[in-house]
Amino acid sequence: DIQMTQSPSSLSASVGDRVTITCRASQGISNYVAWFQQKPGKAPKSLIYAASSLQSGVPSKFSGSGSGTDFTLTISSLQPEDFATYYCQQYAIYPLTFGGGTKVEIK
Amino acid sequence: VQLVESGGGLVRPGGSLRLTCSASGFTFSSRALHWVRQAPGKGLEYVSSISSNGGSTNYPDSVKGRITIFRDNSKNTLYLQMSSLRPEDTAVYYCVRGGDDTLDPFDIWGQGTTVTVSS
């Protein structure tokens with residue numbers, strides 16, 4: 001199975017900060033990476049697919065990059081509604097696998 | 001576009017349960033569908049996938065042989081039949097829409113249904 005290693009597992013940031021979360025795949029997966037946001041008690045929400053394409057309706061403050069084994073999710077200017085847990089996922093090969101999550105908290 | 005899960009509940013170890021996901025607002029028969037679960041306080045875990053026509057399915061080793069995904073395109077409904085349930089199957093189970101192919105990205109998530117396996 002492909003392992004998706006996310007870092008950091010948590011971070012504290014202030015409103016207006018630029019935040020970057022990384023995800024490393026245990027083998028090359030081209031750009032078959034998606035990112036999801038989950039708020040407490042809610043279902044996940046799809047943010048990004050194909051490493052850098054925004055899902056419909058997702059604001060442009062979210063961006064993704066990477067190819068091969070290293071991927072990043074960046075939030076350009078953190079807002080109160082962005083405090084949540086973020087997950088990466090690879091969909092190149094079955095079984096699909098998720099990263100362990102990054103909890104973004106208010107500093 | 002909406003996915004609504006149901007069928008969760010409390011079940012004893014070794015028992016069975018069938019989850020249902022009712023879909024609306026899109027052409028159900030043209031999309032792959034998936035189940036993803038989340039144990040209390042834990043991350044997301046892939047459970048299964050099914051192709052648009054139901055002819056192809058996938059499972060991780062952790063559930064293979066105990067869980068079956070199937071769909072009824074005439075009813076716009078996805079199912080997850082779970083048997084030989086274990087305490088570690090306790091989780092919120094989400095139904096997720098994919099693309100035309102089972103290896104297309106996810107887009108829409110349901111609100112989830114909770115399964116508790118306990119004596």
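- The part of B/Asp104 that comes within reach of chain A is its backbone (N, CA, C, O), which places non-hydrogen atoms under 4.5 angstrom from that chain.
- Under the side chain to side chain donor-acceptor pair (under 3.5 Å) criterion, the residue pairs touching residues 20-34 of chain A are A/Ser7-A/Thr22, A/Thr20-A/Thr74, A/Arg24-A/Asp70, with sequence neighbours excluded.
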* **From CA spacing to verdict: side-chain contact (heavy atoms from CB on, under 4.5 Å), B/Tyr94, B/Gln38** => CA-CA 8 Å; B/Tyr94 296 102; B/Gln38 186 170 37; 3.8 Å; yes
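- The side chain to side chain donor-acceptor pair (under 3.5 Å) contacts involving residues 96-107 of chain A comprise A/Gln6-A/Thr102, A/Gln90-A/Thr97, where partners must be two or more places apart or lie in separate chains.
- For the pair B/Arg71 and B/Phe28, the cation-pi test (distance below 6.0 Å, angle within 45°) is passed.
- Interface with chain B: from residues 48-68 of chain A, residues A/Tyr49, A/Gln55 qualify, criterion being any non-hydrogen pair under 4.5 Å.
- Residue pairs satisfying the disulfide (SG to SG under 2.5 Å) criterion with at least one member in residues 8-113 of chain B, sequence neighbours excluded, are listed as follows: B/Cys21-B/Cys95.
- Only the side chain of B/Val36 comes within contact range of chain A, judged by heavy atoms closer than 4.5 Å.
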* Asked: Stepwise, does the salt bridge (charged side-chain N to carboxylate O under 4.0 Å, His left out) test hold for B/Arg31 with B/Asp107?
  -> CA-CA 11 Å; B/Arg31 297 297 194 109; B/Asp107 60 0; 3.6 Å; yes
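- By the criterion of side-chain heavy atoms lying less than 4.5 angstrom apart, applied directly or through intervening Ile, Leu, Val, Met, Phe, Trp or Tyr residues, B/Phe106 is not grouped with B/Leu3; the two fall into different hydrophobic clusters.
- A/Tyr94 places a side-chain N or O within donor-acceptor distance of the main-chain N or O of B/Thr102, the cut-off being under 3.5 Å.
- With a 4.5 Å cut-off on non-hydrogen atoms, B/Ser48 does not touch chain A at all.
- Using a 4.5 Å cut-off between heavy atoms, A/Tyr91 contacts chain B through both its backbone and its side chain.
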